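Written below as structure tokens is the structure these notes are about.
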Protein chains: 2
Amino acid sequence: MLHLPSLKQLQYLMALEETGHFGKAASQCNVTPSTLSSSIKELEETLGVQLAERNNRSVMMTALGLEITNRARALIQDAEAIMEIAKAASRTPLSGKMTLGVIPTIGPYLLPKVLPALKTTYPDLQLYLIEDQTEQLITRLKRGEIDAALLALPYEMEGVSTAFMFNDYFQFAANANHSLARQKSVTLEELAESDLLLLAEGHCLREHALEACQLPPRAQADNFAATSLPTLIQMVIANMGVTLLPTLAAGSLASGAENLFLCPLDPPAYREIGLAWRQASHRTDEFHLLAAALTPNEVS
Amino acid sequence: MLHLPSLKQLQYLMALEETGHFGKAASQCNVTPSTLSSSIKELEETLGVQLAERNNRSVMMTALGLEITNRARALIQDAEAIMEIAKAASRTPLSGKMTLGVIPTIGPYLLPKVLPALKTTYPDLQLYLIEDQTEQLITRLKRGEIDAALLALPYEMEGVSTAFMFNDYFQFAANANHSLARQKSVTLEELAESDLLLLAEGHCLREHALEACQLPPRAQADNFAATSLPTLIQMVIANMGVTLLPTLAAGSLASGAENLFLCPLDPPAYREIGLAWRQASHRTDEFHLLAAALTPNEVS
DNA sequence: TAACTGTGTTTGATTTTTCCGAACAATTAT
DNA sequence: ATAATTGTTCGGAAAAATCAAACACAGTTA
């Protein structure tokens with residue numbers, strides 16, 4: 001590794017070129033003339049070149065000295081630009097690139113509600129979205145492929161910090177002709193006697209729904225497990241069974257579905273929506289800001 | 001005056017980004033991991049920004065860290081460019097090592113005349129000499145084995161720049177008892193009727209002499225082709241034929257040779273002596289200085 | 001002429017910074 | 001469990017940067 005001139009030396013050189021005077025250059029740099037003198041001398045030695053001719057009465061930059069001074073000026077400006085970028089980034093939270101993972105049972109229903117406002121609040125944020133299941137998102141989070149993830153909690157994970165955003169209540173969903181339809185609410189006992197349809201394995205909603213029913217996790221023995229919420233709803237409308245629907249998704253899924261019955265649970269049950277990021281990241285403040293910005297008004 | 005990051009810190013950052021490993025980055029920079037660690041930490045503090053997430057098992061650059069690393073890389077390159085410029089300039093007064101190729105029909109006759117003065121003018125120049133024929137010298141020049149070459153021109157070559165030094169006039173050389181001896185000059189017609197002796201193939205002097213006689217290049221059909229100028233002269237003295245001798249060499253070759261007759265050509269003919277170097281080299285100024293320094297006073 | 005003034009440089013001491021080595025903490029591999 | 005790897009912390013030593021003061025030199029002034 002080669003021995004480079006120091007930025008300080010280059011700054012001294014610039015001051016010397018500007019003032020044409022060691023004393024003035026020194027005071028401009030808040031050092032004594034002796035410091036500046038020896039600094040310039042050392043710079044000349046490391047470069048192997050005379051930068052300024054000086055007799056006791058005047059300082060005259062060499063042609064080469066002038067050339068090098070100009071390059072030094074550009075160099076210092078670039079260094080200051082780095083400082084500027086860092087400062088701007090630290091005082092402008094949520095700016096620059098960020099990759100956000102989202103699970104399929106949140107993304108399509110939450111993001112349309114909050115992204116427009118997010119874009120307005122943080123115009124310098126370039127958000128890239130990745131949709132995948134919780135397990136994969138956590139893997140990619142730890143690999144650094146994504147910076148944060150919108151997940152449903154609780155979920156077992158190490159080395160990950162989370163910020164709670166809001167509770168997403170479950171609603172009972174059934175065909176309008178189902179025996180439990182037209183009730184104001186549905187109890188767990190009533191639910192237990194129904195054919196409960198679930199999402200396929202890998203979707204955390206499956207576990208969370210079972211947990212809401214106070215049922216133990218079960219292997220995918222169902223003959224019919226939906227691979228997406230819209231599919232699941234179609235199965236319910238076809239009266240193949242009932243299901244639990246997160247309120248977050250219920251609105252858009254139920255719109256236009258004539259034969260779908262929805263009602264709350266008694267007692268209420270919910271999953272928690274939150275933002276997750278690597279514990280090692282020191283951008284906790286930023287992620288809390290992001291979590292707040294991704295929380296829809298109606299539930300906050 | 002703002003507190004800038006040091007170039008060393010930026011180099012450490014680059015190494016960290018390249019290796020993704022504090023230990024490897026440290027050894028790449030010839031420092032201990034502790035130094036690198038605290039250096040990066042300090043850099044992060046002066047910038048007020050986290051540059052790399054590090055968990056005891058892996059290092060992961062922040063988006064901002066990557067951005068800053070790239071800018072740092074450009075910065076370091078600019079700093080190195082300054083070094084380069086200075087080094088190139090400090091070489092201007094021909095200092096340091098330089099390897100010079102010379103052809104056999106120039107070296108022994110020109111160099112003794114000019115090297116003493118060269119040594120005085122450029123005491124810091126360490127000149128290494130390589131004697132070989134033009135074709136080989138050009139090959140070695142392009143390979144970078146030599147920095148410049150003293151050649152006789154014209155010569156067909158690509159990617160090579162040349163500086164003209166002086167004209168080297170041909171003299172007619174014959175045995176003192178030759179029918180053309182005692183003339184004030186010799187014409188081309190007279191020359192054409194003589195037995196012209198030449199150097200062996202590969203010596204450019206062979207081609208240049210033929211060209212001076214306005215004769216086409218000829219394959220080496222001669223029964224007797226000399227492999228050096230002293231040998232050639234001996235053949236002339238032995239009255240085996242006549243030849244054309246460059247003035248540069250004539251003096252030292254003729255001294256002490258009783259039976260040798262020399263006279264100019266009518267019209268005069270000459271070869272050009274010049275210095276050649278790689279076109280890609282940016283040391284044009286230096287080579288022109290060298291060419292001037294290698295030109296003897298009597299012909300300049 | 002001789003002292004004076006302004007200037008860059010040298011010098012020696014002092015302060016500051018840098019750097020290493022060892023111990024440490026945390027994690028993974030065996 | 002034990003060992004190996006890796007980044008970090010800490011204290012002291014080495015290196016450097018810096019200062020203040022003395023110095024050297026050239027014009028200028030008295």
Side-chain angles (χ1 to χ4, degrees), chain A residues 1-47 50-62 65 69 138-139 141-144 157-161 278-282, chain B residues 1-47 50-62 65 69:
Chain A
M1 197 174 279
L2 201 57
H3 190 261
L4 295 175
S6 78
L7 291 185
K8 208 182 298 180
Q9 288 172 333
L10 296 181
Q11 284 178 314
Y12 292 166
L13 181 66
M14 284 168 49
L16 182 62
E17 191 267 340
E18 285 165 16
T19 60
H21 189 287
F22 274 77
K24 290 172 188 169
S27 64
Q28 179 177 315
C29 298
N30 298 314
V31 292
T32 54
S34 74
T35 298
L36 197 113
S37 174
S38 56
S39 239
I40 295 290
K41 189 183 171 190
E42 193 193 346
L43 181 59
E44 287 182 327
E45 276 167 8
T46 64
L47 294 179
Q50 188 181 24
L51 298 169
E53 288 178 22
R54 39 223 195 256
N55 54 35
N56 289 357
R57 215 60 196 172
S58 67
V59 175
M60 198 183 305
M61 299 301 290
T62 300
T69 305
I138 290 174
T139 301
L141 186 65
K142 289 183 175 174
R143 276 202 209 121
M157 44 195 179
E158 293 269 321
V160 172
S161 296
R278 286 182 298 280
Q279 217 160 30
S281 171
H282 288 184
Chain B
M1 199 173 278
L2 201 56
H3 189 259
L4 295 175
S6 78
L7 290 185
K8 208 181 300 181
Q9 287 172 331
L10 296 182
Q11 283 178 313
Y12 292 167
L13 182 66
M14 284 168 48
L16 182 62
E17 192 268 340
E18 284 165 17
T19 61
H21 189 289
F22 273 78
K24 289 173 189 168
S27 65
Q28 180 176 313
C29 298
N30 298 314
V31 292
T32 55
S34 74
T35 299
L36 196 114
S37 173
S38 55
S39 236
I40 295 289
K41 190 181 171 190
E42 192 194 346
L43 181 59
E44 287 181 328
E45 277 166 8
T46 64
L47 293 179
Q50 188 184 22
L51 298 170
E53 286 180 24
R54 34 220 194 264
N55 150 334
N56 287 358
R57 215 58 197 173
S58 66
V59 175
M60 200 180 303
M61 300 301 291
T62 300
T69 304

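In this text the structure is predicted, and so the values were computed from the model without any measurement.
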Under 4.0 angstrom, heavy atoms only, what part of the nucleic acid is A:E42 near: base, sugar-phosphate, or nothing? sugar-phosphate

I want to check something: taking the side chain as every heavy atom from C-beta on, are B:L13 and B:M61 in contact at a cut-off of under 4.5 Å? yes

Among C:dG8, C:dC20, C:dT9, which is the nearest nucleotide to the side chain of A:V59? C:dG8

Establish, from distance only, whether the side-chain atoms of B:T35 and B:T32 form a donor-acceptor pair under 3.5 Å. yes

In whole angstroms, how far is the C1' atom of C:dT7 from the CD1 atom of A:I40? 16 Å

B:E53 CD to C:dT27 P, straight-line distance once rounded to whole Å: 15 Å

Under 3.5 Å donor-acceptor, B:T46 side chain and B:P5 backbone: no

Keeping B:T19 on the side-chain end and B:A15 on the backbone end, is there a donor-acceptor pair under 3.5 Å? yes

Side-chain N or O of A:H21 versus OP1/OP2 of C:dG6: is the shortest distance under 4.0 Å? no

Whole-Å distance between C:dT18 C1' and B:E45 CD? 15 Å

Can you tell me if the side-chain N/O atoms of B:K41 get under 4.0 Å from OP1 or OP2 in D:dT9? yes

A:V31 side chain: which of C:dC20, C:dG8, D:dC19 is closest? D:dC19

Measure from CG on A:N30 to P on D:dA20 and round the result to the nearest Å. 12 Å

C:dA22 base / B:S34 side chain donor-acceptor hit below 3.5 Å: no

Counting side-chain heavy atoms from CB outward, which of C:dT9, D:dT18, C:dC20 is closest to A:P33? C:dT9

Examine C:dT18: is either OP1 or OP2 under 4.0 Å from a nitrogen or oxygen in the side chain of B:Y12? Give yes or no. no

To the nearest angstrom, the CG-P distance between B:L36 and D:dT8 comes to 9 Å

Using only side-chain N and O atoms of B:R54, determine if any of them is under 4.0 Å from OP1 or OP2 of D:dT6. no

Ignoring backbone atoms, test whether B:T35 places a side-chain nitrogen or oxygen under 4.0 Å from the OP1 or OP2 oxygen of C:dT18. no

Whole Å only: how far is the CD atom of A:Q50 from the C1' atom of C:dG8? 14 Å

Nearest 0.5 angstrom please: A:T69 OG1 to A:E17 CD, how far? 5.0 Å

Look at the side-chain N and O atoms of A:K8 and state whether any lies under 4.0 Å from the OP1 or OP2 oxygen of D:dA16. no

Atom-to-atom span, CZ of A:F22 to C1' of C:dT10 - whole angstrom: 13 Å

Specify the separation, in whole Å, of atom CD of B:Q9 and atom C1' of C:dC19. 14 Å

